[in-house]
Amino acid sequence: MCVWWYMCVWWYKAGMDVSGGNHRHEAPWKRMSKEELDNQYSPSRWVVRLGAEEAMRTYSQIGNEVTKRARATGRSLLNVPYGDGDGEKLDIYLPEAVSEAMPFLVFFHGGYWQSGSKDTSAFMVNPLTAQGVAVVIVAYDIAPKGTLDQMVDQVTQSIVFVQKQYPGNQGIYLCGHSAGAHLAAMMLLADWTKHGVTPNLKGFFLLSGVYDLEPIMHTSENAPLLPALEDAQRNSPLWQLETAPTQPADPACRILVTVGQHDSPEFHRQSREFYQTLCQGGWKASFEELHDMDHFEILWNLTQEDYVLTQIILKTIFQES
Ligand SMILES: Nc1ccccc1C(=O)C[C@H](N)C(=O)O
């Protein structure tokens, strides 16, 4: 009798875990030590082809080089202000044939809201501009200068700016990597009415993102960003969409959630849960685990036209899938 009772309880709890409804109480990170959480949320420790430090170095090096190349080869408008603040600048990379009706891809870099820059993040510029897509790389005030709330607000403003500057755009697609995927995902909750314009958002490409910030509160690297649970919840698209689902303004708006095969189990869990929550909320979402990619390769391979993600992005923008 006792054994049966325990088995039933276990089965019930396991069921709640998969269904997602009650996962917050059963979330695996709650059973992790601080060391394990630090490990799970340090993407550089999970790369397979390089050491952690070498991976970070290579990542900035590639970012630096491709950005220099993109600025040297194509037409660009650099350091365009989208707000009054010093840090509120963006770079616009234009395709050769500029028209009123270009699609735009707006990119938000990662770096755990504390590092990274638009000046080292022009990874996807060449393959996309070659196909007629304008690419915008946005700077925002990373911590400690900016708080998470300010970053979310700046990202909102940057998108409003693009829409106002290019009202004839053929769609604005948001793309973000890591912390930048978090910022892009926060735009699913944005209230555009107070900005006087609703951007023509047609798609989201979320790469190796973090959507529930609660576990991050307990990591050494990010604890200072999130002083209280309310800060984490307010800035968690996963938590927000679960507690107060929003509806897509455009039901055709696509959301692609991607994670690298070599990303940590916590990064996989975050992406899967976010994808499931989006589906339950009626969003047109898809999920892609990118084969043999780590947290950084998933992004820097966007310099390549034949990379599976570059192809998915182009097909989505040109409505071929
Ligand atoms: N610089 C980055 C750029 C993109 C994404 C993450 C980072 C990180 O810094 C992650 C963390 N510090 C790590 O050591 O894995």
Side-chain angles (χ1 to χ4, degrees), residues 29 32 34-67 87 91 106-125 137-146 148 151-152 155 174-186 204-213 215-226 235 237 257-271 274 289-290 293-303 307 309:
W29 67 265
M32 288 178 189
K34 190 163 175 334
E35 288 70 32
E36 181 56 14
L37 272 173
D38 276 343
N39 201 34
Q40 290 282 333
Y41 286 101
S42 294
S44 61
R45 296 189 199 172
W46 297 81
V47 300
V48 287
R49 274 166 284 268
L50 301 169
E53 276 168 29
E54 208 185 348
M56 299 296 295
R57 231 179 306 122
T58 312
Y59 171 77
S60 337
Q61 221 166 23
I62 295 181
N64 226 330
E65 281 163 21
V66 295
T67 307
D91 296 336
V106 185
F107 180 69
F108 307 99
H109 68 78
Y112 267 152
W113 309 275
Q114 301 165 62
S115 66
S117 148
K118 73 172 172 54
D119 302 324
T120 53
S121 301
F123 296 95
M124 67 295 291
V125 166
I137 314 272
V138 178
Y140 52 91
D141 283 328
I142 51 178
K145 186 176 181 209
L148 268 174
M151 293 179 225
V152 171
V155 164
L174 306 185
C175 178
H177 171 237
S178 202
H182 159 264
L183 294 170
M186 285 298 287
F204 290 72
F205 306 109
L206 308 174
L207 283 53
S208 284
V210 181
Y211 310 102
D212 176 10
L213 302 195
I216 291 263
M217 285 182 69
H218 308 282
T219 62
S220 352
E221 203 174 347
N222 290 301
L225 273 168
L226 298 157
N235 287 299
V257 183
T258 62
V259 65
Q261 184 190 341
H262 303 305
D263 261 311
S264 75
E266 270 296 279
F267 271 79
H268 277 257
R269 184 187 65 79
Q270 289 252 358
S271 283
F274 192 52
E289 178 186 311
L290 291 172
M293 291 292 139
D294 67 37
H295 190 77
F296 305 96
E297 293 165 335
I298 199 174
L299 177 66
W300 79 45
N301 278 323
L302 284 177
T303 51
Y307 171 41
L309 191 52

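Computed from a predicted structure; not experimentally measured. Remember, it's 1-based here, ligands and their atoms both numbered in the order they're listed.
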Student: Tell me the contacting part of Glu221 for ligand 1: side chain, backbone, both, or neither, using a 4.0 Å heavy-atom threshold, strictly below.
Tutor: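 Glu221 to ligand 1: side-chain contact only, backbone stays beyond 4.0 Å.
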Student: For ligand 1, is there an atom lying under 4.0 Å from some heavy atom of Tyr41?
Tutor: no
Student: Under 4.0 Å from a heavy atom of Ser115: which atoms of ligand 1 are those, numbered in the order shown and with their elements?
Tutor: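 Counting atoms of ligand 1 from 1, those under 4.0 Å from Ser115 are 1 (N).
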Student: If you round to the nearest 0.5 Å, how far is CG of Leu225 from CD1 of Ile142?
Tutor: 10.5 Å
Student: Does some non-hydrogen atom of Gln114 fall short of 4.0 Å from ligand 1?
Tutor: no
Student: Looking at atom 4 (C) of ligand 1, what's its closest protein heavy atom, distance included?
Tutor: Gly111 N, 3.5 Å
Student: Side chains of Asp119 and Thr67: any donor to acceptor distance under 3.5 Å?
Tutor: no
Student: Would you please classify the geometry between the Tyr59 ring and the Phe123 ring as parallel, tilted or perpendicular, with 30° and 60° separating the classes?
Tutor: parallel
Student: If I apply the N/O under 3.5 Å rule, does Ser44 come out as touching ligand 1?
Tutor: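 N/O-N/O distance below 3.5 Å exists for this pair.
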Student: Just checking, any donor-acceptor pair under 3.5 angstrom between side chains of Trp29 and His218?
Tutor: no
Student: Considering only protein heavy atoms, which is closest to atom 5 (C) of ligand 1, and at what distance to one decimal place?
Tutor: Ser178 OG, 3.5 Å
Student: Tell me if the aromatic rings of His109 and Tyr140 count as close, with their centers under 6.0 Å from one another.
Tutor: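 Ring centroids of His109 and Tyr140 are less than 6.0 Å from each other.
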Student: Mind running salt bridge (charged side-chain N to carboxylate O under 4.0 Å, His left out) on Glu54 and Arg57 for me, showing each step along the way?
Tutor: CA-CA 5 Å; Glu54 208 185 348; Arg57 231 179 306 122; 5.8 Å; no
Student: Is it the case that Thr219 and Lys34 place a side-chain donor and acceptor less than 3.5 Å from each other?
Tutor: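 Lys34 and Thr219 do not have a side-chain donor-acceptor pair below 3.5 Å.
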Student: So is Phe296 touching ligand 1 or not, going by heavy atoms under 4.0 Å?
Tutor: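 Yes, Phe296 has a heavy atom closer than 4.0 Å to ligand 1.
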Student: I'd like to check whether Pro43 has a polar contact with ligand 1, where a contact means an N/O of the residue lying under 3.5 Å from an N/O of the ligand.
Tutor: yes
Student: To which protein heavy atom is atom 8 (C) of ligand 1 closest, and what is the distance rounded to 0.1 Å?
Tutor: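 Checking every protein heavy atom, the shortest distance to atom 8 (C) of ligand 1 gives Met56 CE, 3.7 Å.
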Student: Within less than 4.0 angstrom of ligand 1, does Ser42 place any heavy atom?
Tutor: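 Yes; Ser42 lies near enough to ligand 1 that a heavy-atom distance drops under 4.0 Å.
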Student: Any idea which part of Arg45 is under 4.0 Å from ligand 1, heavy-atom wise: side chain, backbone, both or neither?
Tutor: neither
Student: Would Tyr41 and Phe267 satisfy side chain to side chain contact (heavy atoms under 4.5 Å, CB included), going step by step from the backbone distance to the final call?
Tutor: CA-CA 8 Å; Tyr41 286 101; Phe267 271 79; 3.7 Å; yes
